[in-house]
Engineer: 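One structure follows; several queries about it will come next.
Computed from a prediction, not measured in an experiment: that's the story for all the values here.
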Amino acid sequence: MTKKINLFANLKSDFASGLVVFLVALPLCLGIAMASGAPLFSGIISGVIGGIVVGYLSQSHISVSGPAAGLTAIVLTAITDLGAFDVFLTAVFIAGLIQLVLGFIKAGTISNYFPTNVIEGMLAGIGIIIIMKQLPHAIGFDSDFEGDQSFIQSDGSNTFSSLFNVLNYVQLGSIIVSIISLSILIAWDKVSFLKKIKLIPGALVAVITGIILNEIFINSGSSLAIAKEHLVSLPVPTSIDEFKQIIVLPNFAGFLNPDVWVVGLTIAIVASIETLLCIEAADRMDVQKRYTNTNVELKAQGIGNIVSSLLGGLPMTSVVVRSSANNAAGAKSKMSAIIHGVLLLISVLTIPLLLNKIPLATLASVLLLVGYKLAKPATFVHFWHKGKYQFVPFIATLIAVVFTDLLKGVALGMIISVIFILKGNLKRAYIFRKEEYADGDVIHIDLAQEVSFLNKAAIKQTLNSIPGNSKVIIDAKDTIYIAHDILDLIHEFKTIRAKEEHIKVKLKGFKKEYQLENNEDNHVTIEHHYDALKREMVKKEVKRFDAIN
């Protein structure tokens, strides 16, 4: 029976963290919608649904859902190919249905196979991306959309070239705001009496300070004033008709279009994988080490995407950046995600003009601190000390995430981890040793507890390298399981090659069902073993027949 959760048990800390996530999510929702070629409010709608609907249905205490940078290329291409945003919304609706099915067939369990070092490498990689992408915003260069995580950018430049290009666009007012904002955020984390003021998060104080500073610059006519293009840019409806146009309904005629189904399937697969990765990462970050039912999460994401499509919103996933900000702000339960969604909804409807005064430099400072916490040096040191089998997949995942994308980075880390597992498995399958005796070489091969088909190549190579006129002892006293491929290999070596090259083979410790020895060694050959089994079966049948008659 699932334990009932009191959403209001940690309202003080959850409200503060929800407020921080709201401040981070606002420009990200807008930036991702812009990059996707979709109406700007579609990103806000997705953020609201991701916060309120998915936040309520999910069992994750830390993760936050909303429009994801990893889907921007798919969404942009799909809207262009399908020809209309309302047709694209039908694809999002289909994606939600597919995710629901994935949840019911328990596809979420694949997340249990993501290695910890790969997940940590992914988080560190995203932390480095955040730092590199937010530095230009902190200095006043805002050519790239908020939330972009791609190394190669849409204008043909890359993350490194943008960092160098920043020097041509330095805005002193943005730098001042960034430095002051960072100072406030660090002080809120380090100074003891400020840490006790949990209801007022440092991010809110930094944002208010940034707004006040820029208003002072503007009113004094200073050259430090931060221009409009470097502030949050939320659309402000000026009439009821404009407000009504925000809600776009899906065109369900798209159900008859095979291309719509292809897009829906693509979104469902990519969004589900990114969600499972983020959930695994969120559970790793959770200081209380609570675990999320990933099958329930897929259902929640599916319902979220269905509702988002019906209201004109972008597809969503669980998102690492917002989840990391949520954790860093001290979230205790999923109430913080719900609060962030409610704040998004209320604020864009009531105070859009005030939100449009927030400098992007201030929000960049908030994200820079989040990025540092994800990629802090202690994480690198930790995996370095764990050895190459932990460090190499970690660092490979990190580098690939930075230079390609999240999914490719994780895929590379998984491949390297599997290779290391196979390599380790091959080494542990048996111990090969020689001992010198007066009557010649005695070669010992001690099999491990489990010898699978994966060990076939290594054992085959070892047996092939045994010289003629040798004595070989293959010891299976500690072995619980031997694959039939290996049994066949040993049997062929003993009955064919050993006889041809005068190699004396002795098998020790093989359990009855695995015995391969001949009668002269007080065991039976594999053929004799099978014959014995047949004879035993015949006897049983005869007895059964006699009993019937």
Engineer: Dump the intermediate steps for side chain to side chain contact (heavy atoms under 4.5 Å, CB included) on Asn112 and Thr109, then the final yes or no.
Structural biologist: CA-CA 6 Å; Asn112 295 326; Thr109 52; 4.1 Å; yes
Engineer: For residues 312-328, which residue pairs qualify under side-chain hydrogen bond (donor to acceptor under 3.5 Å, both in side chains), counting only residues two or more places apart or in two chains?
Structural biologist: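 The answer is Asn326-Ser336.
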Engineer: Look at the side chain of Asn117 and the backbone N and O of Pro393, then say whether any donor-acceptor pair between them is shorter than 3.5 Å.
Structural biologist: no
Engineer: Determine yes or no for a side-chain-to-main-chain donor-acceptor pair under 3.5 angstrom, with Lys334 supplying the side chain and Tyr56 the backbone.
Structural biologist: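 Yes; at least one donor-acceptor contact below 3.5 Å.
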Engineer: Report the distance from atom CZ of Phe403 to atom CG of Leu398, rounding to the nearest 0.5 Å.
Structural biologist: 9.5 Å
Engineer: Looking only at heavy atoms, what is the nearest atom pair of Gly140 and Gln171, with distance?
Structural biologist: CA-CB, 4.0 Å
Engineer: Under the side chain to side chain contact (heavy atoms under 4.5 Å, CB included) test, which residues partner Met34, sequence neighbours left out?
Structural biologist: Leu40
Engineer: Just so I know, are the side chains of Val402 and Met132 near enough to count as touching, which here means a heavy-atom distance under 4.5 Å?
Structural biologist: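 Side-chain contact under 4.5 Å: yes.
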Engineer: Between side-chain atoms of residues 364-372 and protein atoms elsewhere (two or more places apart, or another chain), which donor-acceptor pairs fall under 3.5 Å?
Structural biologist:
{"unit_1": "Ser365", "atom_1": "OG", "unit_2": "Ser178", "atom_2": "O", "d": "3.2"}
{"unit_1": "Ser365", "atom_1": "OG", "unit_2": "Ala361", "atom_2": "O", "d": "3.0"}

Engineer: Got a donor-acceptor contact below 3.5 angstrom from the Ser63 side chain to the Ser60 backbone?
Structural biologist: no
Engineer: Measure across His340 and Val64 and return the closest heavy-atom pair with its distance rounded to 0.1 Å.
Structural biologist: CE1-CG1, 3.4 Å
Engineer: Atom OG1 in Thr379, atom NZ in Lys373: separation rounded to 0.5 Å?
Structural biologist: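 So the OG1 of Thr379 and the NZ of Lys373 are separated by 13.0 Å.
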Engineer: Please report the C-alpha distance between Ser417 and Phe420 in whole Å, then the side-chain angles of each, then the deciding distance to 0.1 Å, and finally whether the side chain to side chain contact (heavy atoms under 4.5 Å, CB included) criterion is met.
Structural biologist: CA-CA 5 Å; Ser417 293; Phe420 280 169; 5.8 Å; no
Engineer: Give me the ring orientation class for Phe93 and Phe252: parallel if the planes are under 30° apart, tilted from 30 to 60°, perpendicular past 60°.
Structural biologist: perpendicular
Engineer: Taking the side chain as every heavy atom from C-beta outward, state whether Ile49 and Leu311 have any pair of such atoms under 4.5 Å apart.
Structural biologist: yes
Engineer: With distance as the sole test, does Lys133 use its side chain to make a donor-acceptor pair with the main-chain N or O of Ser150 at under 3.5 Å?
Structural biologist: yes
Engineer: Tell me, yes or no, whether the heavy-atom count around Phe151 atom CZ, taken from other residues, nucleotides or ligands under 6.0 Å, exceeds 12.
Structural biologist: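 Correct, the count exceeds 12.
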Engineer: Under 3.5 Å, is there a donor-acceptor pair between the side chain of Ser181 and the main chain of Val177?
Structural biologist: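 Judged by distance alone, yes, a pair lies under 3.5 Å.
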Engineer: Rounded to the nearest 0.5 Å, how far apart are CZ of Phe22 and OG of Ser17?
Structural biologist: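 Here the rounded value is 14.0 Å.
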Engineer: Look at the side chain of Asp405 and the backbone N and O of Lys408, then say whether any donor-acceptor pair between them is shorter than 3.5 Å.
Structural biologist: yes
Engineer: Taking the side chain as every heavy atom from C-beta outward, state whether Ile45 and Val48 have any pair of such atoms under 4.5 Å apart.
Structural biologist: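 A side-chain contact under 4.5 Å is absent here.
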Engineer: Quick one: salt bridge (Lys or Arg N to Asp or Glu O under 4.0 Å) partners of Asp286, sequence neighbours excluded?
Structural biologist: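 So Asp286 forms a salt bridge (Lys or Arg N to Asp or Glu O under 4.0 Å) with Arg290.
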Engineer: Give, for atom CG of Asn214 and atom CD1 of Ile226, the distance between the pair rounded to the nearest 0.5 Å.
Structural biologist: 4.0 Å
Engineer: Any side-chain heavy atom of Glu146 sitting closer than 4.5 Å to one from Leu30?
Structural biologist: no
Engineer: Check Ile79 against Ser36 and note the closest heavy-atom contact, atom names and distance.
Structural biologist: CD1-O, 3.6 Å
Engineer: If you take the centroid of each ring, where Trp contributes its six-membered ring, are Phe391 and Phe383 closer together than 6.0 Å?
Structural biologist: no
Engineer: Between Thr397 (side chain only) and Gly121 (backbone N and O only), is there a donor and an acceptor less than 3.5 Å apart?
Structural biologist: no
Engineer: Compare every heavy atom of Pro27 with every heavy atom of Leu363, then report the nearest pair and how far apart it is.
Structural biologist: CD1-CG, 3.3 Å
Engineer: Check whether any side-chain heavy atom of Leu89 sits under 4.5 Å from a side-chain heavy atom of Val248, and report yes or no.
Structural biologist: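 Yes. Closest side-chain heavy atoms under 4.5 Å.
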Engineer: What are the two closest heavy atoms between Gly254 and Thr90, and how far apart are they?
Structural biologist: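 Gly254 and Thr90 have their closest heavy atoms at C-CG2, 4.2 Å.
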Engineer: Mind listing the side-chain donor-acceptor pairs of residues 95-107 below 3.5 Å, one per line with the distance, residues two or more places apart or on another chain?
Structural biologist:
{"unit_1": "Gln99", "atom_1": "OE1", "unit_2": "Asn305", "atom_2": "ND2", "d": "2.7"}
{"unit_1": "Gln99", "atom_1": "NE2", "unit_2": "Ser272", "atom_2": "OG", "d": "3.2"}

Engineer: A side-chain contact here means heavy atoms from C-beta on lying under 4.5 Å apart; do Leu345 and Ile44 qualify?
Structural biologist: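 They are not in side-chain contact.
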Engineer: So, Glu297 versus Ser58: side-chain donor-acceptor pair below 3.5 Å or not?
Structural biologist: yes
Engineer: Working note: Phe394 + Val118, criterion side chain to side chain contact (heavy atoms under 4.5 Å, CB included); need CA distance, chi angles, decisive distance, verdict.
Structural biologist: CA-CA 5 Å; Phe394 165 79; Val118 172; over 6 Å; no
Engineer: Rounded to the nearest 0.5 Å, how far does CG of Leu163 lie from CG of Leu135?
Structural biologist: 6.0 Å
Engineer: With no hydrogens and no angle check, is any side-chain donor or acceptor of Ser333 less than 3.5 Å from a backbone partner on Met335?
Structural biologist: yes
Engineer: Working note: Phe141 + Asn168, criterion side chain to side chain contact (heavy atoms under 4.5 Å, CB included); need CA distance, chi angles, decisive distance, verdict.
Structural biologist: CA-CA 9 Å; Phe141 183 47; Asn168 299 320; over 6 Å; no
Engineer: Grab the two heavy atoms, one from Asp86 and one from Leu249, that are nearest each other, plus how far apart they are.
Structural biologist: CB-O, 3.3 Å
Engineer: Do any N or O atoms from the side chain of Trp188 and from the backbone of Pro201 form a donor-acceptor pair under 3.5 angstrom?
Structural biologist: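 Flag not set: sc Trp188 to bb Pro201 has no pair under 3.5 Å.
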Engineer: Between Phe41 and Pro235, is there a side-chain heavy-atom distance shorter than 4.5 Å?
Structural biologist: yes
Engineer: Does Lys289 have more than 12 heavy atoms from other residues, nucleotides or ligands lying within 6.0 Å of its NZ?
Structural biologist: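 Yes, because the 6.0 Å sphere around NZ of Lys289 holds more than 12 heavy atoms from other groups.
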Engineer: Can you run down the side-chain hydrogen bond (donor to acceptor under 3.5 Å, both in side chains) pairs that involve residues 120-130, sequence neighbours left out, and say none if there aren't any?
Structural biologist: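 Sorted pair list: Glu120-Arg284.
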Engineer: To the closest 0.5 Å, what do you measure between CD1 (Ile211) and CG (Leu231)?
Structural biologist: 9.0 Å
Engineer: Quick check: do Ile267 and Val263 have side-chain heavy atoms less than 4.5 Å from each other?
Structural biologist: yes
Engineer: Looking only at atom types and distance, does a side-chain atom of Thr404 sit under 3.5 Å from a main-chain N or O of Ala400, one as donor and one as acceptor?
Structural biologist: yes
